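Please read the structure below before turning to the comments.
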Amino acid sequence: MRQILTFLMLTPFLALSQQSLATEQEALDVNGVSTMFGPAAMCWDFNDARYEVPKGSSKHSIFAHDLWIGGIDDGGQLRVANQTYNQSPGDYRPGPVSDSIYHNDADMGHWDRVWKIHKSEIDYHILNYTNPAYIIPDVIVFWPAHGDVSMGQSDMLAPFVDLNTNGIYEPFDGDYPDIKGDQAIYFIRNDVGSLDTTSLGLEIHMMIYAYRCDNYPDLNHTVFVNTTLFNRGSHNLEDVYIGTWTDMDLGYYTDDYIGCNVPLNLGYTFNGDTLDEGANGYGINPPAQGLVYLNSIMEKFVYYNNDFTNTGNPESDYDYYNYLRGIWKDNVPMTFGGDGHGSGNGATNNTCSYMFPDATDPSFPTEAWTDSSAGNTPADRRMLMSTGPMDLDIGDSYIFDYAFVFAWDSINGNSLPLLFQYTENIQDFYDGTLTMPCSNINTIHQHHILKDKKLIKIVDVIGREVQATENTPLFFIYEDGSVEKKIIIE
Ligand SMILES: [Ca+2]
Ligand SMILES: [Ca+2]
Ligand SMILES: [Ca+2]
Ligand SMILES: [Ca+2]
């Protein structure tokens, strides 16, 4: 009774207020990465880096990540949605686009959550939904397949497999969530609940997913992001750019460089020297962390300084939109070389789209430009990649797929060649032209095997290199020279 009274008393006030910033996120941790995603924040938890790779190592390669989206409406008005470090007011709120009176915490608060699901749960559901003894997991029962049409929400939200093709999600009749990967995190955000007067009317569906694949280190250390943007507003949008803003901190955060590989649609961070020192560092010969666009062209790659100069932190909507288009805060387009603004080592007056592409920018085929060649000292770095321009008319949607790829060449001292190779593999895997048959070691020992130590090979009792097999003694040989004897019992 007390709860009901409280609710009735609060409702008149809340109904007039905007939605609060989201607070929820969950761990995506099925493979060699352990990270956090949710409507609240991605790859961090408002305080600390939460992109741990390798899982269990307590080393992190990304500090924070979010989406920036900007476009011009049919009345010429600039509209921008963005977030960086979760500062208020921010532009994203949990849940689908609804009639404006419902964009308050009382009506939308239940969307401040994550649907976290394993493929194994779905497989079990498919086999057992007719079994009276089977209890369907909440995440399947309450999968957000449908919005509340009476509140102005779309009827169709989260994807599902519809056994009887009647357009209605019926998990008790065998319907199930249509996810990718071995584990997925799903949530929905909008950019109208903040009551920003220049919102785009966006509803953003995000599925973050991963595959466990012990025998393919590239796939096993990749996190995929499947984003669908819906224009559910009242304005046709043009010249829309979609950007991924990422503050990568590779271990020890003050000795990093960034760069991009144009043909691979890849932005990356690597260590500015061969030692990533300190308690948070990766040590000698550190790894590299990338972000690859899988179904879109990386049209711009921008680095800006952590200050408030014309090449520093964006402040107005116009600054954010400029950066998405490769234009500095003073409306000067990026130029090739040096600081990208006509100064520094190798500066030119030639307009360009990509900072620090090394020699991969097809517009400058004979010239290399890197963070290092510009004369920069390794330091804290952040980067913005974007795709566009595109139209996003009322009712249109755009699917945007990207992935975080990690590579660690602990022998050669430079992990970038391996990162490029891994990125090509992940692109081919996404395109369906490369299969990676995973042979996972499904045992009670799995957490032990996935520890920080890098496994070199598995041999049998007479020293022959073998795949992991069950019920036979095996020797696991690690890079640090240690050997562990195991029997995998199924
Ligand atoms: Ca159905
Ligand atoms: Ca570092
Ligand atoms: Ca260092
Ligand atoms: Ca950084």
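Only a predicted model underlies this, so the values are computations on that prediction, with no experimental measurement involved. One-based numbering, in listed order, for ligands and for the atoms of each.
A salt bridge links D45 with R50: the distance from a Lys NZ or Arg NE/NH1/NH2 to an Asp or Glu carboxylate oxygen falls below 4.0 Å. Note on R189 versus D191: no salt bridge recorded, every NZ/NE/NH1/NH2 to OD/OE distance being 4.0 Å or above. Salt bridge D276/K59: absent, no basic N to carboxylate O contact under 4.0 Å.
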Could you please spell out the steps behind the ring-ring contact (aromatic ring centres under 6.0 Å, His included) verdict for Y422 and F406? CA-CA 8 Å; Y422 280 7; F406 173 86; 8.7 Å; no
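Of all the N, O or S atoms in D255, the one closest to the Ca ion (ligand 2) is OD1. D276 contributes atom OD1 as its closest N/O/S atom to the Ca ion (ligand 2).
Under the salt bridge (charged side-chain N to carboxylate O under 4.0 Å, His left out) criterion, no residue pair touches residues 290-312, with sequence neighbours excluded.
F356 has its ring centre less than 6.0 Å from the ring centre of W369. Taking the centre of each ring, W245 and Y304 stay at or above the 6.0 Å mark. In this structure, F404 has its ring center at least 6.0 angstrom away from the ring center of F224.
Under a cut-off of 6.0 angstrom, the local environment of CD1 in I135 is sparse, with at most 12 non-hydrogen atoms contributed by other residues, nucleotides or ligands.
Note on the Ca ion (ligand 1): protein N, O or S atoms under 3.0 Å away count 6, no waters included.
Listed by chain and residue number, nothing satisfies the salt bridge (charged side-chain N to carboxylate O under 4.0 Å, His left out) test with R113 (two or more places apart in sequence, or in another chain).
Here N271 meets the criterion, with an N, O or S atom under 3.0 Å of the Ca ion (ligand 2).
Between T246 and H65, the side chains place a donor N or O and an acceptor N or O closer than 3.5 Å (distance only, hydrogens not considered).
Below the 3.0 Å limit, the Ca ion (ligand 4) has as protein N, O or S neighbours D247 OD1, M248 O, D249 OD1, D380 OD1, R381 O.
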